[in-house]
Structure formats: structure tokens, C-alpha cells
Chemist: 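Quick one: this structure, given as C-alpha cells, is what I'll be asking you about.
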Protein chains: 2
Amino acid sequence: MPLAHRVPELGALELLLAVARLGSLGRAARELGISQPAASGRIRSMERQLGVALLDRSPRGSRLTEAGALVTDWARRVVEAAEAFDAGTQALRGRRDSRLTVAASMTIAEYLLPGWLIALRAARPDTAVSLLAGNSATVAERLLSGEADLGFVEGLSIPEGLDGTVIGHDRLVVVAAPGHPWARRRTPLTAAELARAPLILRERGSGTRQVLDSALSKSGGLAEPLLELASTTAVKAAVVSGAGPAVLSELAVTEELTARRLTEIHLHGIPLRRALRAVWRRSQLPTGPARDLLTLTSQPTPPL
Amino acid sequence: MPLAHRVPELGALELLLAVARLGSLGRAARELGISQPAASGRIRSMERQLGVALLDRSPRGSRLTEAGALVTDWARRVVEAAEAFDAGTQALRGRRDSRLTVAASMTIAEYLLPGWLIALRAARPDTAVSLLAGNSATVAERLLSGEADLGFVEGLSIPEGLDGTVIGHDRLVVVAAPGHPWARRRTPLTAAELARAPLILRERGSGTRQVLDSALSKSGGLAEPLLELASTTAVKAAVVSGAGPAVLSELAVTEELTARRLTEIHLHGIPLRRALRAVWRRSQLPTGPARDLLTLTSQPTPPL
DNA sequence: GCTCACTCATCACCCCAGCTTATGACCCCA
DNA sequence: TGGGGTCATAAGCTGGGGTGATGAGTGAGC
């Protein structure tokens with residue numbers, strides 16, 4: 001039952017990627033700072049565990065088999081998720097010597113920031129980042145008090161006392177379990193229909209709920225919620241299990257949508273978009289590391 | 001340097017998710033089939049490793065701290081990637097007793113199939129699936145020879161001798177490194193410009209390249225490639241490192257786009273879309289497990 | 001043809017992370 | 001005031017993964 005018994009440890013996956021990249025067990029071993037026999041043995045036991053031959057070994061090096069290439073691609077995704085985990089937790093640890101302190105809303109901290117931190121590390125390896133996560137209000141506080149150098153928020157407006165720039169957009173999408181009646185509709189949902197429907201929602205005060213509230217105010221406002229849950233994760237789980245539909249950030253549900261655990265319900269007339277903004281203290285344009293991160297995140301984005 | 005030393009092992013992450021879900025170390029331990037002290041110790045050493053307190057322990061159970069909730073969300077993504085890895089490799093192992101054999105093109109096998117297999121496992125836990133990966137031609141062969149029960153291909157048409165249905169679409173996108181001149185354009189690229197530009201491409205014969213070729217045939221055809229590489233991964237790596245622009249499946253680059261390692265270059269006039277199709281032997285509509293998987297994958301998709 | 005430089009595999013040995021069981025402290029409720 | 005639940009600590013075992021030394025295969029170069 002436990003996954004860990006059927007999936008090789010991260011170290012083994014990392015080793016596999018190194019072998020694929022470098023073309024030799026020995027070189028991969030050297031790169032990871034272990035001995036060649038250790039590498040050889042680990043790959044071998046991984047092959048036994050998976051029941052799949054991964055490498056074609058020859059006296060001139062090792063190449064991936066066809067199956068091995070596929071396995072390596074899947075392994076890469078695990079390792080990339082682990083890199084994001086690493087970047088995130090490292091920032092969360094909040095070392096005092098960090099050169100840049102970032103305050104971010106939950107959604108951004110959860111889904112976007114780790115990737116940015118990885119990119120930043122690649123561009124500026126010497127920048128240690130601290131992360132403070134909270135809602136828009138606490139992000140503003142942290143910036144105004146000087147605790148944070150740069151903030152990221154999603155929402156309709158820039159908090160008082162701050163300047164900022166739009167770095168992207170976040171679409172809210174209506175989702176339901178594939179078995180839900182809405183999943184079989186051939187016509188888009190109207191605002192009125194959405195307003196009438198009991199939804200699974202985050203508790204009052206969450207950013208997502210505010211946007212939804214204001215977008216539906218002209219259509220009669222939100223109906224009484226079906227369920228009020230404390231976290232995005234809990235909402236997703238409830239929707240997947242068929243409890244009812246919900247409105248969630250696109251960022252939170254892309255995976256569930258591609259895997260068909262959830263179905264997007266198309267919506268007519270109401271654009272549920274909100275801007276993602278980088279923010280800072282009024283008239284104190286970010287400099288140094290903060291500026292590096294800002295330029296990194298404000299690449300032109302799809303003008304959808 | 002090696003990632004594995006800074007990221008807890010999969011077993012520990014899995015345990016953390018179980019604790020978050022069940023609200024108690026002991027119950028999580030029971031679910032994973034280990035003793036309560038083992039769970040306690042593992043979480044504790046994970047907290048030491050990360051330098052972050054994850055749990056509020058009380059005599060009535062354990063709840064996540066704020067930081068712990070964020071860490072758990074990141075951990076969940078690692079575990080989900082590991083689940084996809086597991087589902088994929090398990091199908092690749094190709095057990096003889098499998099009730100369903102699927103043949104899929106590389107792109108689909110790599111990015112979509114693992115998720116579908118997870119969903120299928122949830123719906124029909126007793127269905128063991130075998131996977132044969134190849135290009136469109138080999139998928140067709142496997143179906144016609146009876147080796148495979150159901151196939152998935154991306155491309156412009158249905159291979160000879162097969163029936164099929166469109167289950168989704170795959171957009172090809174032009175991508176470049178954030179530092180590339182194209183990344184700073186304010187106007188969309190034209191077909192003629194794209195045709196003139198030397199690109200990093202997969203070798204001749206790949207599905208992506210065919211679609212691109214045919215879409216640009218009216219604009220003068222593809223320019224001489226800058227580089228020809230054997231795998232999507234290699235192309236991505238070359239683009240990220242700044243070697244030049246490329247055209248790749250949206251599926252292959254979403255992560256790089258959200259993390260801003262790559263920038264999408266908007267394109268004017270040419271819709272580089274291709275259908276994703278489920279296919280089977282002519283007039284032999286899928287039944288049994290094949291039908292289960294088919295209904296799962298053919299949920300209505302965004303009519304973009 | 002020999003040597004060198006590279007590949008990978010095998011063997012013997014060692015160590016510690018993570019497991020177990022047994023126990024104890026704390027809290028709350030019937 | 002027991003009995004259910006929580007978590008922590010302690011002592012002891014085990015095995016996976018590590019090292020280092022060695023050997024066997026292959027190809028390039030003199």
C-alpha cells in the first residue's frame with residue numbers, strides 16, 4: 001500500500017537523471033559525490049524494484065533503454081517537484097542572513113514562488129531568500145513595517161500604501177467531479193445559475209471568495225454555501241469526492257484537470273480573473289535582489 | 001549539492017500527508033503500517049532536517065503549523081509526481097495478467113497517461129494496465145496486430161485501419177529563453193517570421209515537427225534548423241540555456257512557463273493545434289476496461 | 001600488439017537510519 | 001478514578017547503501 005515501497009528514493013531518481021545526462025554511471029557517481037560501485041548497485045536495485053531494464057551498459061558508457069527514457073522523464077517530474085519543495089522550505093526556514101525577504105499570499109507562495117526561487121537561484125546563486133506567507137493584509141503589513149522587501153498578492157486592487165505592478169493573471173474556474181450533472185452540460189453556465197448554486201467554498205475572507213462575491217453581486221450574490229472549508233486542498237478533495245462544485249484558482253486545479261479527476265465547467269459572461277501583483281512600499285522601487293526577482297517574474301505574460 | 005540530502009525521503013513526505021489528513025501521528029502510523037514511535041521519530045527528524053516546526057502536538061492529536069501547511073502542500077506535489085511515476089512504471093512493467101494493453105505516443109505516454117491511470121485505478125482498482133509507447137505508426141501496428149486494446153495518438157489524422165475519437169487538443173507553442181530578443185516583442189510573431197527563423201527541433205519524423213512543417217508550408221516552409229535533437233527534453237534544455245527558440249507541445253512546457261524558465265512567444269494567424277485521439281481497430285468499439293479508460297479520458301474538453 | 005584510459009561488476013566489510021517493542025507522561029471523559 | 005486517547009523516550013536489531021580494492025571488457029594511440 002505505501003507508495004514509498006514501490007517508488008525508488010529521491011536519491012536514486014536523481015542518480016538516474018545524472019546517468020542519463022552524463023552517459024556513464026561512474027561520471028554520475030562522481031557528480032553526486034558517491035563511489036562508482038554505489039551508483040552501479042543503486043541503479044541495479046532500482047531496476048529490480050521496478051521490473052524494468054533502464055540502462056544499456058557497455059564498456060564505453062551507459063545509455064537509457066527506451067523504457068528507461070520514459071521512466072527517466074517521469075522521474076524528472078518527481079525530482080522537479082522535490083526541487084520546488086527544497087526551494088520553498090529553504091525560504092521558509094528564514095535564515096537571518098538572507099539578502100531578500102519576500103511576503104506572499106498563500107496561493108502564490110504555494111504554486112508559483114518555489115519555481116521563481118529556483119529560477120532566481122540559477123540566475124543569482126548567492127541570493128538567500130526568506131519567505132513570509134499570509135493573506136493580502138499581512139503582506140501589506142510586512143512590507144510597511146520593513147520586515148519584507150517585496151510582496152506578491154492576488155486580488156482586485158493594490159493594498160493602501162503600496163506600489164505595484166501586474167505580473168500575471170489568475171483565472172478562477174468552476175470545477176466539478178466528472179460525474180456531476182454540470183460536467184455533461186453542452187452550454188456554458190450563466191452567472192445567474194452559478195449564483196443560485198450551492199458551492200463548496202473557502203471560509204469567508206479568503207481572496208478567492210471575495211473575487212467570486214464581487215463578480216456575482218450583480219447576479220444576485222452567492223447562494224448559501226454547501227460546505228465551508230478551511231483550505232484549498234480540502235475544497236479540492238471535497239469536489240473530487242463528488243460533494244459538489246466549487247470555484248478555484250486555475251493554478252490549484254490544472255493537474256486535476258489534465259488527469260480528469262476534475263472537469264472544468266465553462267462559464268458565460270463573467271470573467272473571473274484576478275491580477276497577480278508584485279508590490280512594494282510606495283515610491284521605494286525594489287533594488288538589488290528584490291529587483292532581480294521582480295524582473296524575473298515580470299516577463300511578459302499571455303495577454304489572454 | 002545533492003538534492004536528496006535536503007529533501008526528506010518519499011516515505012517521510014507520505015507520512016506527513018497522512019498526519020495532516022488524519023490529525024494524529026498514531027493514526028497515520030497505523031495507516032502506513034508502521035509503529036507510532038517510528039512515525040513520531042520520522043516527523044521529528046524531518047523537522048530537524050528542514051529547520052521548520054511542522055506540527056503542533058497536543059495530547060489530543062497533532063495539527064499542522066502554518067509553515068507545516070505550506071510544506072505539506074509542497075510535499076503533496078512531490079507525492080503526486082511519485083504516484084504518476086508509480087502508475088507509469090507499473091504499466092511499463094507490462095504484466096502478462098493485465099486486463100488492458102494501451103499503446104500510446106510518447107507525448108501522451110509521458111504527460112497524460114500516468115494521470116489517467118491513477119484515475120482509472122481509483123475507479124476500477126482491479127484493472128492492471130500494460131503500456132506500449134511508440135510513435136503513431138507503431139501504435140497503429142500494435143492495435144492492428146491485436147497486441148494493444150486501445151491506443152492514443154496525437155496528430156492530424158487517424159491512422160489507416162483505425163477508428164477513433166478526439167479526446168482533447170494539444171497546442172504547439174513557440175518558446176524562447178527569457179533573455180531572447182523575441183521575449184521582449186510587443187507584437188505577435190507572424191508565420192513568415194517563424195518560418196524564416198532557425199529553430200531547435202526534434203529530428204525529422206517527430207510528430208511535432210510534422211505539424212509545424214505542414215502549418216508553415218504556405219509561409220515558405222521551415223528554415224534550416226539551428227539544432228536537431230533526439231528528445232523533447234534535450235530541446236527544452238537547449239532552449240532554456242539560450243541556444244535559440246523552439247516549438248514544443250504545450251504539455252511539455254507548462255511548468256517551465258509558470259516558473260519563467262521559458263517564455264511563450266505569441267503567434268499570429270497560424271493555429272498550431274493538433275488533436276489528441278483515442279483510437280481502436282475499425283468497427284471494434286472498445287469494451288470492458290478499454291471502454292472504462294476511454295470514458296474517463298473523453299470528458300468534455302474546453303472548446304477553445 | 002601492448003598499454004593506457006575508460007567503462008562496469010563483484011566481493012567483503014561497515015555503519016547508521018529507521019524500524020521494533022516496552023514503557024511513561026499527559027489529558028480528557030464517563 | 002480508571003480507561004481511552006495522545007505523544008515521547010529508551011534500548012536493541014536489521015538491512016540498505018555506503019566504501020575500497022579488484023577484475024574484466026573495449027577502444028584509442030603509439
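So you know, we letter chains A, B, ... as the sequences are listed, proteins then strands, and number each from 1.
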Chemist: Only counting residues at least two apart or in another chain, list the ones meeting side-chain contact (heavy atoms from CB on, under 4.5 Å) with A/Arg77.
Modeler: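 A/Arg77: side-chain contact (heavy atoms from CB on, under 4.5 Å) contacts with B/Tyr111, B/Glu255.
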
Chemist: Please name all residues satisfying side-chain contact (heavy atoms from CB on, under 4.5 Å) with B/Glu9, sequence neighbours left out, ordered by chain then number.
Modeler: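 By the side-chain contact (heavy atoms from CB on, under 4.5 Å) rule, B/Glu9 matches A/Glu9, A/Leu10, B/Arg42.
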
Chemist: If a pair satisfies salt bridge (Lys or Arg N to Asp or Glu O under 4.0 Å) and one of its residues is in residues 112-134 of chain A, list it, with sequence neighbours excluded.
Modeler: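 Of all non-adjacent pairs touching residues 112-134 of chain A, those that pass salt bridge (Lys or Arg N to Asp or Glu O under 4.0 Å) are A/Asp86-A/Arg121, A/Arg99-A/Asp126, A/Arg124-A/Asp292.
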
Chemist: Kindly state which residues belonging to residues 56-76 of chain A come within less than 4.0 angstrom of DNA chain D, counting heavy atoms of the residue only, listed by number.
Modeler: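 Under 4.0 Å from DNA chain D: A/Pro59, A/Arg60.
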
Chemist: How long is the line joining CD of A/Glu14 and P of D/dG17, in whole Å?
Modeler: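 Going from CD in A/Glu14 over to P in D/dG17 covers 14 Å.
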
Chemist: Would one find a side-chain N or O of B/Ser40 under 4.0 angstrom from OP1 or OP2 of D/dA8?
Modeler: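 True: B/Ser40 side-chain N/O within range (under 4.0 Å) of D/dA8 OP1/OP2.
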
Chemist: Please list residues of residues 15-28 of chain B whose heavy atoms come under 4.0 Å from any atom in DNA chain D, ordered by number; otherwise none.
Modeler: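 The stretch gives B/Ser24, B/Leu25, B/Gly26, B/Arg27 as the residues lying under 4.0 Å from the strand, ordered by number.
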
Chemist: Given 3.5 Å as the limit, does a donor-acceptor pair link the side chain of B/Glu47 with the main chain of B/Leu55, or not?
Modeler: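 Side chain of B/Glu47 to backbone of B/Leu55, a donor-acceptor pair under 3.5 Å: yes, one is there.
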
Chemist: Check side chain to side chain donor-acceptor pair (under 3.5 Å) between B/Ser241 and all other residues, then give those that pass, not counting sequence neighbours.
Modeler: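 Here no residue qualifies.
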
Chemist: Count the heavy atoms belonging to other residues, nucleotides or ligands that lie under 6.0 Å from CD of B/Glu66, then report whether that count exceeds 12.
Modeler: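 Result for CD/B/Glu66: open.
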
Chemist: Tell me which donor-acceptor pairs under 3.5 Å the side chains of residues 12-34 of chain A have, and how far apart each pair is, sequence neighbours excluded?
Modeler:
unit_1: A/Glu14; atom_1: OE1; unit_2: B/Ala4; atom_2: N; d: 3.2
unit_1: A/Glu14; atom_1: OE2; unit_2: B/Leu3; atom_2: N; d: 2.8
unit_1: A/Arg21; atom_1: NH1; unit_2: A/Glu31; atom_2: OE1; d: 3.4
unit_1: A/Arg21; atom_1: NH2; unit_2: A/Glu31; atom_2: OE2; d: 2.7
unit_1: A/Ser24; atom_1: OG; unit_2: A/Gly26; atom_2: N; d: 3.2
unit_1: A/Ser24; atom_1: OG; unit_2: A/Arg27; atom_2: N; d: 3.0
unit_1: A/Arg27; atom_1: NH1; unit_2: A/Leu22; atom_2: O; d: 3.4

Chemist: Does B/Thr127 use its side chain to pair, donor to acceptor, with the backbone of B/Pro289 at less than 3.5 Å?
Modeler: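 No, because the side chain of B/Thr127 does not come within donor-acceptor range (under 3.5 Å) of the backbone of B/Pro289.
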
Chemist: What residues, two or more places apart in sequence or in another chain, satisfy ring-ring contact (aromatic ring centres under 6.0 Å, His included) together with B/Phe152?
Modeler: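 So B/Phe152 forms a ring-ring contact (aromatic ring centres under 6.0 Å, His included) with B/Trp116.
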
Chemist: Write down the distance between CE (B/Met46) and C1' (C/dG18), rounded to a whole number of angstrom.
Modeler: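 After rounding, the reported distance stands at 13 Å.
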
Chemist: To the nearest Å, give me how far apart CZ (B/Arg44) and P (C/dG18) are.
Modeler: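 So the two atoms are 14 Å apart, to the nearest Å.
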
Chemist: Starting at atom CD of B/Glu9, determine the distance to atom P of C/dA17, rounded to an integer number of angstrom.
Modeler: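 The answer, rounded to whole Å, is 12 Å.
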
Chemist: For the helix from C/dG1-D/dC30 to C/dA30-D/dT1, what is the angle between the axes at its two ends, each from 5 pairs, rounded to 10°?
Modeler: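 Here the local axes at opposite ends form an angle of 10°.
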
Chemist: Rounded to the nearest Å, what distance is computed from the CZ atom of residue B/Arg30 to the C1' atom of nucleotide D/dT6?
Modeler: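 So the CZ-C1' distance, B/Arg30 to D/dT6, works out to 10 Å.
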
Chemist: Tabulated below should be each protein N or O lying under 3.5 Å from an N or O of nucleotides 18-24 of chain D; please produce it.
Modeler:
unit_1: D/dG18; atom_1: OP1; unit_2: A/Arg42; atom_2: NH1; d: 3.3
unit_1: D/dT19; atom_1: OP2; unit_2: A/Ser35; atom_2: N; d: 2.7
unit_1: D/dT19; atom_1: OP2; unit_2: A/Ser35; atom_2: OG; d: 2.6

Chemist: Under a 4.5 Å cut-off applied to non-hydrogen side-chain atoms, are A/Val240 and A/Leu262 in contact?
Modeler: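 A/Val240 vs A/Leu262: side chains touch.
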
Chemist: Can you tell me the distance, in whole Å, between the CZ atom of B/Arg48 and the C1' atom of C/dA17?
Modeler: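 So the two atoms are 11 Å apart, to the nearest Å.
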
Chemist: Quick one: list whatever passes side-chain contact (heavy atoms from CB on, under 4.5 Å) with B/Ala234, sequence neighbours left out.
Modeler: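 Expected list: B/Leu229, B/Ser231.
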
Chemist: Does a sphere of radius 6.0 Å around CZ in B/Arg6 hold more than 12 heavy atoms from other residues, nucleotides or ligands, not counting ones at 6.0 Å or beyond?
Modeler: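 It does: B/Arg6 CZ has more than 12 such atoms within range.
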
Chemist: Round to the nearest Å and state the distance from A/Leu54 atom CG to C/dC8 atom C1'.
Modeler: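 Spelled out: CG on A/Leu54 to C1' on C/dC8 is 16 Å.
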
Chemist: Who passes side-chain contact (heavy atoms from CB on, under 4.5 Å) against B/Asn135, sequence neighbours left out?
Modeler: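 Expected list: B/Ala137, B/Thr138.
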
